[in-house]
Amino acid sequence: MSTDQPHTLWLKLEDHELTVDLVRDLLAAVDNDLWVAAACADRLVDDVGLQRALLELGISRTASAVDRSRAPLLQLPESAGTSRTRETLSVHFVQVPEDAQLCQIRAILLERLDRLSSFVEVYQAIQLQEEDSDDITDQWEDDPWAVDPDNAPSVKPESLSTDVQIPLSEFLVKDLVGVTCFFASHEFYTAVRTLLTYHSSVLWPYRFAILNSIPTHSSPSQYSDLLPAYDTDRDAERSQRPMNWRTVHDWVESQEVMEALRNAQALSGVEVIPYTTPALVGGCLGPQELTAWYRQRVDDIISSTGMLDIALATIQHGASLGVPDLDELGEDLSLLTRLVYHDSQPNEPSTVEDWTLERWKSMEPAQVVQAYLAYSTPETIAVDILHLVMPYLFVLEARVERAGQPDPNLATSLLYEYILNASLPIIAAIFEASKPTLPMSQRIIRSDEDIARLALACLYGSDSRNEWSTMGLIFECLPAWDIEPRVDHDADEAHTTIASLGALVAPSTMQPHCSAADLFLLFKPLPLVSLSRALDILDVHLECGEILSRWSVSAPLRWFLQSADDAAEQRAWANRMARRTGCTSNEMKSRGDWEWLLEDMQKLRTTSENGVKGAFGLLSREEVCSIFLSGLLSSGLFDIARAILLQRNSHLYLSDVDVESICLSVSREFYDNASSGNYKTGDMKLAYDCLAVPPPSERLTRERDFIEATSRLSSFNISSRPGVQLSPLEIRLAKDRLSLISRVLSSTADAYKHTEVILDLLYKLGYSGDVIAEVKTLAMLSDTALQAEDFVRAYETSQKMIETVSNLRRQTSDSVIDPAIREACEVCWVACYQLGRQLEFDDVGKKQELLGRALEFCPADKLSDVLGSWRRLQKDTLENRRDYLAHRSTTRQRLSTPWKPMSSLQVRLRDLHMPGNPFINAEDAAVLAGRAFNRVASNFPFAVSGQGWSGGSGDSARSRSRDESRLGLNGEDVSAQASRVLQRGIGWLLGADDEG
């Protein structure tokens, strides 16, 4: 066999075909040490035994090169230094490059042999961990991996080795730092310890990179021995004691040989197998640098995982390893951990807050206390304060004391600040855990005076209106001091205390709301006696508050201070109590409930044994009864009101006059609020029925009559403005109610025919016994009948008016001077004169009678006018009247044709074919024309304005009529115009100006 056969066979063999014996046999036959050593370095297999055989064989074939390289050094004198030795070796390696290559290969093989030993150690640990995992899995009664075999995970605990396993062939040549970081990232700390122990010369400079590879969620208790420690003797980091697999380092691993090899390569360019020893990166860290690393580690843990317990454990291990300046950070983490992992924190992901150490450090102490108790309930608040807040407050006190600024009130001030801003149920729970009956060590608030001050401030500073039971619980937790009462000063002291508190809680522009903290500052300097007095006041106010709340008119507790000297405010609240009860409660239907209400209202005005007045202390007993009865009546429960009033031992201390006034007042409230005037339904019925509660009286009768009059007026559908019916309130507020009758007559065509109805309406409107109003009403009826050309009814109404005026004059001795009689006579003579001179009225005898009455009642300066009409009537024969009437029928036919322009009154009379009566003057002609116009106006196909006949020329009047006709005025417009004309006709009786 040729000499190159072992080489060729070696190169052809695959790694899996190699065996230990084959390696030894093949390579032993090769004489070239460099080739054999290089072949051993080139082959990397995964079999431990085979790889060890290769390494050992390669190392043995480099021994001769070591001997040759050391021979020149033996010739050097003993005094030769390191540099001389390095130069000699460099020269030898330049001269014999094969030895240089063999020495370097030897160093590589030795380092791989050490790695092989570490590999065996590492995977022995892995095997042990696998066996432990198998045992634990077998011992599980309920294997979580076997809960659902169909959906079991692909990786089980026993397959741990597959996650961290590195093949031997890779383990030997990979960067050792990277390999160690890989094991650290997979939390295989046995491998990390092994590598750091036996390869410390390479890995020590990269120890922090390895530590930083450990997952931030990993518990530091699993790798605490790997954490950096502090050596107080050296004032630096504690270094690790190195260990090696070989007790003696080989000569080729010395620093001189490594440097000589590098020099030889630089001088001659000899190619050697690349191999460099990792350069050392720094030495041991100082205390500040160690502290900085731990702080950074904590920041990384919190920022990446948020696991504060891991961060706290890391700091605790660092402190146990002697690293300085970690105490405060540990305190912060411990306190923050209590906050985050406490049971009161919400578990829903949507509500979990993102807590970081930076956020914690930026918070003020008051904010921290608030955060601790943000999710506390009345059931948990006491425990949360004792287990969360108190430790934090103790830490704060210790810190300020260490800083040289001790503050003994720091803890209490922060706790009190939270209490002053808490809700009443929370406050009640805190006071329950601070009762004076508890042992001092178990109390949250240990000062009795402070409990009283806090309770007063919280209760009077609260806006709550419905938590009276909670307020009562707070009061029951307050201390009771045995202080002798000073009877002579009790009332004055109570008044002074209430007045000062009322002034403080009263809102102003500078301070719209007085907070509990502001009140606490007021109560803080008060001595024990004043605090005791304030608690007496509080007791009365709480009782009053419960009563008001019972009747759905609750007020904040501060209201009792503000209204203590304000009778108007107390009266207003008493009205709310009496009236809101009837409006809001559906259960107030029994007499007993209302009697209970009256009893409570009287109780609110009483004064306590300590001289403290109740909520209605400034109101008299009669005033409270009056307010109560008003509220009862406003609820519409008139039967209950009547029963209480008729009760023999009634607690309503009111006179009949007061009861009557109250009923009238409530009835008018119903009246004013009524939307309809019909007294059979709605508020108007309540207004009417309310008047039946007290015994009958003249005032009540008048009010009932007025309500009936309102109902009757509403039946006529009078409008206050187009499309809007006249409301009851407008009827009451009418300045002249006679105008209402006028509007009835003008809006209803046949209303004048019902004289008795109209007069009854007049009396019920409040004019009963008012002769002047009756005369005016009769005059309006007469005038309305005259407008309708119902002369018979106009005459009959005038007769009643004449009789009324005559009786009035007979009853008054000084009738000439009396203004009322003069006004009645004025109305009467004018009405008689108007009817008596009507040309269409053909009853001459009745007309003469009317003109005679006009002469009787008219003033002296009007006698000539009336006499003129009288004389003309005398000369007017029956024959002329008949001719006139016959001619009038002809005139009506002519009026049906379109009008022609007329220039004067004479022309219009001529067109009407008026008889040329020489006794008709211009005034009578105007009257005649007016009557004729009124008679035929309703037949016009267009509207005529009120001034169309009596003002301006006929041309202009007709022109306006034609313009209105072109505008398309309908029948309703004509009716409205006619009504306005009629109203103006009646207006002179009411004192209105005559426009036409």
Side-chain angles (χ1 to χ4, degrees), residues 3 6-7 23-24 26-43 51-118 172-173 176 198-202 204 241-280:
T3 57
H7 300 80
V23 168
R24 291 173 180 172
L26 283 176
L27 295 182
V30 180
D31 294 334
N32 190 339
D33 292 337
L34 179 59
W35 191 92
V36 173
C40 291
D42 182 62
R43 282 281 185 170
Q51 185 65 57
R52 187 182 297 275
L54 285 170
L55 293 175
E56 291 176 350
L57 178 61
I59 292 172
S60 64
R61 299 297 290 267
T62 61
S64 58
V66 172
D67 295 337
R68 288 192 300 270
S69 299
R70 297 184 66 177
L73 300 180
L74 298 177
Q75 300 176 5
L76 294 176
E78 295 182 0
S79 59
T82 304
S83 60
R84 179 73 179 274
T85 303
R86 186 183 306 115
E87 292 176 0
T88 302
L89 280 175
S90 298
V91 171
H92 175 74
F93 288 147
V94 171
Q95 295 175 351
V96 187
E98 182 179 352
D99 287 348
Q101 291 177 335
L102 285 171
C103 286
Q104 189 163 4
I105 291 175
R106 181 181 180 86
I108 293 174
L109 295 177
L110 289 171
E111 195 268 340
R112 289 182 180 179
L113 185 60
D114 290 342
R115 286 201 184 192
L116 179 62
S117 300
S118 299
L172 295 178
V173 296
L176 192 59
Y198 294 103
H199 304 275
S200 59
S201 60
V202 177
W204 172 256
R241 179 178 298 179
M243 295 180 64
N244 296 292
W245 291 109
R246 291 172 285 115
T247 58
V248 179
H249 282 285
D250 194 87
W251 175 76
V252 297
E253 296 175 329
S254 63
Q255 192 67 24
E256 291 82 1
V257 175
M258 292 296 107
E259 292 181 1
L261 287 173
R262 282 193 293 269
N263 291 336
Q265 184 179 9
L267 291 174
S268 63
V270 177
E271 295 184 1
V272 296
I273 299 176
Y275 175 78
T276 55
T277 303
L280 295 180

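For reference, positions follow the sequence shown, starting with 1.
- Across all their heavy atoms, Ala37 and Gly58 have their closest contact at CB-O, 4.1 Å.
- Contact record, Trp251 with Cys103: CZ3-SG, 4.3 Å, taken as the closest heavy-atom pair.
- The closest side-chain heavy-atom distance from Asn244 to Asp114 is not below 4.5 Å.
- A distance of 11.5 Å separates CD1 of Ile108 from CD1 of Ile59, quoted to the nearest 0.5 Å.
- Atom CZ of residue Arg24 and atom CD of residue Glu56 lie 7.5 Å apart, to the nearest 0.5 angstrom.
- In the model, Ser64 has a side-chain atom that pairs as donor or acceptor with a side-chain atom of Asp33 under 3.5 Å.
- With respect to the salt-bridge test (charged N to carboxylate O, under 4.0 angstrom), the residues Arg86 and Glu256 do not qualify.
- By the 4.5 Å heavy-atom criterion applied to side chains, Ser69 and Val66 are not counted as neighbours.
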| task | May I have the step-by-step check of side chain to side chain contact (heavy atoms under 4.5 Å, CB included) for Leu34 and Ile105, ending in yes or no? | result | CA-CA 9 Å; Leu34 179 59; Ile105 291 175; 4.0 Å; yes
| said: Run the side chain to side chain contact (heavy atoms under 4.5 Å, CB included) test on Tyr198 and Ser117 for me, step by step, so that the C-alpha distance in whole Å, both residues' side-chain angles and the decisive distance to 0.1 Å come before the verdict. | reply: CA-CA 9 Å; Tyr198 294 103; Ser117 300; over 6 Å; no
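- Contact detail for Ala107 and Met258: the closest heavy-atom pair is CB-CE, 4.1 Å.
- Taking CH2 of Trp35 as the reference point, atom CZ of Arg61 lies at 9.5 Å (rounded to 0.5 Å).
- For the atom pair CD (Gln104) and CG (Leu109), the distance works out to 11.0 Å, reported to the nearest 0.5 Å.
- A side-chain donor-acceptor contact under 3.5 Å links Arg115 to the backbone of Leu172.
- Taking both residues in full, the closest heavy atoms of Ala264 and Ser90 are given as CB-O, 4.0 Å, listed atom of the first, atom of the second, then distance.
- What you find for Pro6 and Leu26 is that their closest heavy atoms are CB-O, 3.8 Å.
- Between the side chain of Arg43 and the main chain of Ala38, no donor-acceptor pair closer than 3.5 Å is present.
- In this view, Ser118 and His199, Trp245 satisfy the side chain to side chain donor-acceptor pair (under 3.5 Å) rule, not counting sequence neighbours.
- With contacts defined as side-chain heavy-atom distances shorter than 4.5 Å, the pair Val173/Arg112 qualifies.
- With rounding to the nearest 0.5 Å, the separation of CG in Leu116 from CD in Glu111 is 11.0 Å.
- Scanning both residues, Thr88 and Pro72, for their nearest heavy atoms gives CG2-CB, 3.8 Å.
- The shortest side-chain heavy-atom distance between Leu27 and Cys40 falls under the 4.5 Å cut-off.
- Residues meeting the side chain to side chain contact (heavy atoms under 4.5 Å, CB included) test with Asp250, sequence neighbours left out: Arg106, Leu110, Arg246, Val252, Glu253.
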